[in-house]
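Here the structure is laid out as structure tokens; the discussion comes afterwards.
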Protein chains: 2
Amino acid sequence: MSTSACCTPPKTPADFRAASAVFKALSNPNRLLIVDALGSGERCVADLTALVGLDMSTVSNHLAVLRNVGILKDERRGTQVFYSLRKPCLLNLFCCLDEFHGVEG
Amino acid sequence: MSTSACCTPPKTPADFRAASAVFKALSNPNRLLIVDALGSGERCVADLTALVGLDMSTVSNHLAVLRNVGILKDERRGTQVFYSLRKPCLLNLFCCLDEFHGVEG
DNA sequence: TTGAAACTTTGCCAATTTTCAAAATACAAA
DNA sequence: TTTGTATTTTGAAAATTGGCAAAGTTTCAA
């Protein structure tokens, strides 16, 4: 087994860079909207574009950002490309945020 | 009780903006280093400046970013200002990240 | 009240991000 | 093969970010 237990914070500069890269990918409201939508299943780019209400090229860029840090995976079927969460446990981050925002003091 | 259970993802545009603001604050490796250090207790600005190795004015700005989204609180004692985590449960985000990075497939 | 120490604020610059529009690519159907 | 639909890539502009240095503020001590 690894030397680090659950909840051990990242330690090396590389760890901090890797962690901040994921947070950076999630630091945009439109990308967060996309991740939230994909929590209930895969969607094609056209659907996601309608959801966020921006230019399709912009949405495509946001999807690339999320895919490049390992949050999303994509699969082409015909002319469409379907995006989905690579690991659904990513949504647990939202639980932590809810807890963070909810608890007083 | 509230209408939303634990782990319900954020839904309104304001929710997405609030959530992305927290992720944005955590999207910089130096700020992450600071948060990690504060996980084991409060530190003054001078100590944190030595830790991250940047100009004190830069560190002060990073601390303001983290404080403005509610991650940190500050307390002046004499000429020093001590920063600490406002809610330690924030560190749970790192657990989720570890899980995200660790699980295969 | 003068001075020093600890921070914060401001001004500035380089790098990055966010967005749209236009051009390019991939695929399927006619 | 030509056409049309879906998506990505490229180019460019506006906004934001991250950093340092200098100036300003706060507090305490001499």
Side-chain angles (χ1 to χ4, degrees), chain A residues 13-14 16-38 41-84 86, chain B residues 13-14 16-38 41-84 86:
Chain A
F16 289 116
R17 265 181 271 115
S20 66
V22 174
F23 287 133
K24 175 165 293 188
L26 297 173
S27 72
N28 176 283
N30 293 313
R31 284 197 294 269
L32 230 38
L33 181 56
I34 290 170
V35 170
D36 178 67
L38 296 179
E42 66 173 19
R43 303 283 172 88
C44 70
V45 179
D47 281 0
L48 292 170
T49 296
L51 176 72
V52 306
L54 297 175
D55 194 276
M56 180 178 280
S57 65
T58 301
V59 172
S60 182
N61 278 320
H62 282 315
L63 291 167
V65 168
L66 291 166
R67 189 188 49 213
N68 289 340
V69 297
I71 292 176
L72 302 186
K73 62 183 173 187
D74 63 336
E75 181 186 333
R76 175 176 282 273
R77 293 207 287 277
T79 62
Q80 293 178 301
V81 176
F82 289 84
Y83 281 85
S84 57
R86 181 173 290 279
Chain B
F16 289 116
R17 264 181 271 116
S20 65
V22 174
F23 286 132
K24 175 165 295 188
L26 297 173
S27 72
N28 176 283
N30 292 312
R31 285 197 292 268
L32 231 39
L33 180 57
I34 290 170
V35 169
D36 177 67
L38 296 180
E42 66 174 17
R43 303 283 171 90
C44 70
V45 180
D47 281 0
L48 292 169
T49 296
L51 177 72
V52 306
L54 297 175
D55 194 276
M56 181 179 280
S57 66
T58 301
V59 173
S60 182
N61 278 317
H62 281 317
L63 291 168
V65 168
L66 291 166
R67 188 187 51 212
N68 289 340
V69 296
I71 292 175
L72 302 187
K73 62 183 173 188
D74 63 335
E75 181 187 334
R76 174 177 282 274
R77 292 206 289 276
T79 62
Q80 293 179 301
V81 177
F82 289 84
Y83 281 85
S84 56
R86 182 174 289 280

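Residue numbering restarts at 1 for every chain, and letters A, B, ... go by the order of the sequence lines. Note that these values count all heavy atoms, side chains included, but never hydrogens, waters or copies made by symmetry.
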Checklist entry - What pairs meet the side chain to side chain donor-acceptor pair (under 3.5 Å) rule with one or both residues in residues 17-31 of chain A, with sequence neighbours excluded? => result A:R31-A:H62
Checklist entry - To the nearest 0.5 Å, what is the distance between CG (B:L72) and CD (B:E42)? => result 12.0 Å
Checklist outcome for this item: CG of B:L54 to CG of B:N61, rounded to nearest 0.5 Å, is 11.0 Å
Checklist entry - What residue among A:V35, A:D74, A:L38 forms side chain to side chain contact (heavy atoms under 4.5 Å, CB included) with A:L66? => result A:V35
Checklist outcome for this item: Bounded by its outermost nucleotides with an atom under 4.0 Å from a heavy atom of chain A, the footprint on DNA chain C reads C:dT17 to C:dA28
Checklist entry - Going 5' to 3' along nucleotides 2-17 of chain D, which nucleotides have protein heavy atoms under 4.0 Å from the base (write B), which only from the sugar-phosphate (write S), and which from neither (write -)? => result ---BSBBB-------S
Next on the checklist: Given 3.5 Å as the limit, does a donor-acceptor pair link the side chain of B:N68 with the main chain of B:A64, or not?
Outcome noted: yes
Checklist entry - Hey, are B:K73 and B:E75 close enough for a salt bridge, meaning a charged N less than 4.0 Å from a carboxylate O? => result no
Next on the checklist: Tell me whether the NZ or CZ atom of B:R67 lies within the 45° cone about the ring axis of B:Y83 and under 6.0 Å from its centre.
Outcome noted: no
